[in-house]
Every structure is written in structure tokens, then in C-alpha cells.
Amino acid sequence: MFISSAYAQAAGGAPAGGGLLEMLPMLALIILIFYFLVIRPQQKRMKQHRELIASIRRGDQVITSGGLIGKVTKVADDEIQVELADGVRVRVVRGTIAEVRGKGEPVDS
């Protein structure tokens with residue numbers, strides 16, 4: 001009825017220390033795939049968004065992350081003034097611009 005200690009000790013188990021060396025290439029492959037499928041595309045999108053934000057000019061039609069659509073009337077360092085309707089102007093932080101729909105004319109200095 002009871003299993004003797006001799007049988008329990010004689011049973012084959014996992015090799016000691018050999019599993020890590022076999023799993024290391026598989027782990028490296030998973031990390032590499034994760035980098036190319038998730039991290040790298042996200043970095044490219046972030047870079048494109050930063051360039052888009054930096055290139056906003058007066059006259060551009062923008063969409064904020066809150067869903068407001070308006071025309072840029074004034075550009076400052078970290079804020080943009082957006083006209084939502086005739087006479088309705090709001091100040092928007094640059095980072096909240098989600099999309100630039102139409103490009104405006106260059107500003108005369």
C-alpha cells in the first residue's frame with residue numbers, strides 16, 4: 001500500500017541545471033519578437049506624434065484628444081490657441097493635440 005522510500009528516490013526527475021540553458025535561447029527569441037511587434041512600432045508612433053506637434057502652425061485644423069476640432073490661431077511654446085467657432089477660442093496644451101487635419105499657410109514673420 002505504501003510506496004517505499006527506495007522507489008520514490010529512484011524515480012527520474014528533471015535534470016539539475018540543464019533546463020535553464022535550454023530555455024535561454026527561447027526566452028531571447030520571445031523578447032526579440034516582443035520588441036519588434038510591440039515596442040518598436042510604439043516608439044515610431046511616439047516619434048511621429050512629437051514631430052506632428054512640433055510642426056503645428058497658425059491656420060492648421062487640429063483635433064484634440066478630447067475630440068474638439070478647431071483652427072489654430074496662435075502658437076506659443078507649450079500652448080496653442082484654437083478657435084472652435086466664431087469668437088470661441090480656447091488654450092490647449094500642445095501634448096493634447098491628437099491629429100492635424102489640414103495644414104495652414106506659413107506664418108509671415
Side-chain angles (χ1 to χ4, degrees):
M1 239 200 229
F2 295 106
I3 300 174
S4 70
S5 299
Y7 284 125
Q9 291 176 358
L20 180 64
L21 290 177
E22 293 171 2
M23 288 179 29
L24 200 57
M26 181 71 91
L27 184 63
L29 181 65
I30 290 171
I31 291 172
L32 187 67
I33 290 172
F34 185 76
Y35 174 77
F36 279 108
L37 292 180
V38 177
I39 297 172
R40 191 165 180 248
Q42 180 66 23
Q43 287 176 342
K44 288 174 88 174
R45 279 193 298 271
M46 286 174 50
K47 181 180 177 185
Q48 289 173 344
H49 188 256
R50 278 192 304 260
E51 291 171 355
L52 177 77
I53 299 270
S55 68
I56 292 177
R57 301 182 300 203
R58 187 174 57 196
D60 290 349
Q61 187 174 4
V62 296
I63 301 175
T64 66
S65 59
L68 298 174
I69 301 173
K71 190 173 187 178
V72 176
T73 57
K74 183 179 177 185
V75 179
D77 289 334
D78 58 343
E79 290 183 354
I80 297 171
Q81 189 174 37
V82 178
E83 185 173 16
L84 302 175
D86 291 333
V88 179
R89 294 183 178 174
V90 294
R91 291 180 1 209
V92 178
V93 177
R94 267 188 192 257
T96 61
I97 301 296
E99 184 180 339
V100 176
R101 281 213 172 150
K103 286 294 194 179
E105 63 280 346
V107 178
D108 296 330
S109 297

Original post:
Which residues pass the salt bridge (Lys or Arg N to Asp or Glu O under 4.0 Å) test with Glu99, sequence neighbours left out?
Top reply: none

**OP:** List in chain and number order the residues that pass salt bridge (Lys or Arg N to Asp or Glu O under 4.0 Å) with Arg101, two or more places apart in sequence or in another chain; answer none if no residue qualifies.
**Re:**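 Not a single residue meets the salt bridge (Lys or Arg N to Asp or Glu O under 4.0 Å) criterion with Arg101.
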
Are [Y] and [X] connected into the same hydrophobic cluster when the rule is that any two of I, L, V, M, F, W, Y join if their side-chain heavy atoms are below 4.5 Å apart?
X: Leu29; Y: Ile39; answer: yes
X: Phe36; Y: Ile33; answer: yes
X: Ile63; Y: Leu68; answer: no
X: Tyr35; Y: Leu37; answer: yes
X: Val88; Y: Val82; answer: yes

**OP:** Measure across Val75 and Arg57 and return the closest heavy-atom pair with its distance rounded to 0.1 Å.
**Re:** CG2-C, 4.0 Å

**OP:** Provide the closest heavy-atom pair for Gln61 versus Ile69 in the form atom of the first, atom of the second, distance.
**Re:**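 So the two residues come closest at NE2-CG2, 3.3 Å.
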
**OP:** Determine, stepwise, if the pair Val72 / Ile56 fulfils side chain to side chain contact (heavy atoms under 4.5 Å, CB included).
**Re:** CA-CA 8 Å; Val72 176; Ile56 292 177; 3.9 Å; yes

Original post:
Just one of Ile97, Val62, Val93, Ile53 clears the side-chain contact (heavy atoms from CB on, under 4.5 Å) bar with Ile80, so which one?
Top reply: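 For Ile80, the side-chain contact (heavy atoms from CB on, under 4.5 Å) test succeeds with only one of Ile97, Val62, Val93, Ile53, which is Ile97.
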
Subject >> Matching residue for Lys47 among Arg45, Gln43, His49, Arg50 - test: side-chain contact (heavy atoms from CB on, under 4.5 Å) >> reply: Arg50

Original post:
Are the side chain of Thr64 and the backbone N or O of Thr96 linked by a donor-acceptor pair below 3.5 Å?
Top reply: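 Such a contact is absent between Thr64 side chain and Thr96 backbone.
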
Subject >> Ionic contact status for Glu83 with Lys71, cut-off 4.0 Å >> reply: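 Result for this pair is no, no salt bridge flagged.
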
Original post:
Could you state the interatomic distance from CZ (Arg91) to OG1 (Thr73), rounded to the nearest 0.5 Å?
Top reply: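 OG1 of Thr73 is found 12.0 Å from CZ of Arg91.
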
